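Remember, it's 1-based here, ligands and their atoms both numbered in the order they're listed. Everything numeric in this text was worked out from a predicted model, so none of it was measured.
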Amino acid sequence: MRQTKTKTMSDPIPSRDSFGSKFGVIAAAAGSAVGLGNIWRFPYVAGENGGGAFLLTYIIFIALIGVSVMLAEFIIGRKAQRNALGSFKKLSPGTPWYLVGLMGIVAAFVILAFYSAVAGWTLEYTANSITNSFQGKSPDQIDNMFDTFIAHPWRPLMWQGLFLIATAWIVWAGVKRGIERYAKILMPLLFILIIALAIRSVTLDGAMKGITFLFKPDFSKLSGGSILEALGQAFFSLSIGMGALITYGSYINKKENLSSSAIQVTITDAIVAILAGVAIFPAVFALGGNPGSGPGLVFETLPKIFMAMPGGYFFAILFFVLLAVAALTSSISVLEVVVAYVSEELNIKRHKATVLSTIAIAIPGVIAVMSWGATSEWTLFGMHTFDFLDWISANVLLPLGGLLIVIYTGWMLKTKEVKEELSSQGKYKVILFPVFNFIIKFLAPVAIAIVFLNSIGVLNL
Ligand code: PHE
């Protein structure tokens, strides 16, 4: 990869690995965005924060801020052609802005630690589906199965290890031959399956309550904390605020249209989250369960839907396999942030960088995965390790990173340069540029700051 540093006349930038096509860019970026964040995290966070009003707030954040942060990341990455930290160093040498990249690398450790734990759970549930373990169990027994499993001394750890190895394997193989190839085939398949599940769920007796819960906003349930949760979920789900898309942006061809890619990725991501909500909540209300039951929500609800549908045995297997794949196409983008940094900035060969980074990430990972077992007594701010890492990544690190990224793009880069990169040197019309410019300069920074200050009680809106 980096060894193929050749300079040609027409291409003054050392050639790095890159995505091969427009569809490849979208598949990879959507692969990063669509993942456990949509299917596992969105329903449980929406469930804990009142449903409808949360969904609406989340969508507003995605549309008003999310797309623009994503674009800002693509712009920084493609302009600099470097990893998340190196991009800031290259574009603004001698300034402390590289610290934003450093924060992204810290966020990658935090996210992958608990993300790989949940991804491991999807593997256990794949195995459970294959052995038909949900069959004949009451809803309560299915809930218990989950609680018993996550507290098991070694099974969650084993699956997490396996998942991390798979992640490292793909990152090792490189951008085009690894990430891009698989994402293109598997993501569309997942999409179809979620639609099938959503249809099964809304046709259950008593499903309406779930639909009402998800779509009817009850603003009395929205606290300052829930607004931050919605912002954090929007960032987490879109993979923004930590440099994953700066890194991917650096692999995007100079001719590609960044705006249309960002919009398509964002829409896909939001649709998958909403579909996941439509699959989960009607079933929660119809088949027994509590929408506010936390990280176990989908693992407790989905098996119940599968048991209530013809061919559920096969659908269950297929679904959990695809969920694991969706998790994989996301986790590789998180690991890639660290690997690109280690290989480019610390001059360690890519393969070695992959192994070292994965081992380093496994350390907080093991602590997180044992949060219901060996490390259950370890708490921070009243949360055990898993909940703490989940919370701090989405609600602190990503919004803060996003805030700094838009401020940087809006105020540190020259408007002309930004426009040039966004239009691919004038190749595409950027009619909405004034809107984008307004958002990154004013709206997004102010909105993110208000949400923060409000949730920590400095403002009282
Ligand atoms: N967006 C991914 C998901 O929804 C998670 C992720 C977060 C990936 C941050 C990369 C960076 O599952």
- Query: Regarding Lys89 and Thr95, is there a side-chain donor-to-acceptor distance under 3.5 Å anywhere?
  - Reply: no

- Pair Ser331-Thr167, side-chain donor/acceptor within less than 3.5 Å: yes

- Run the salt-bridge test on Arg78 and Glu73 with the 4.0 Å N-O cut-off and return the result as yes or no. no

- Message: Tell me whether the NZ or CZ atom of Arg155 lies within the 45° cone about the ring axis of Phe149 and under 6.0 Å from its centre.
- Response: no

- Between Lys90 and Glu344, does at least one N-O distance fall below 4.0 Å, as a salt bridge requires? no

- Query: With Val366, which residues qualify under side chain to side chain contact (heavy atoms under 4.5 Å, CB included), at least two apart?
  - Reply: Leu157, Gln160, Met370

- Message: For ligand 1, give me the residues whose heavy-atom distance to it is below 4.0 Å, by chain and number please.
- Response: Ser32, Ala33, Gly35, Leu36, Gly37, Asn38, Ile111, Tyr115, Phe236, Ser237, Ser239, Met242, Ser330, Ser333, Val334

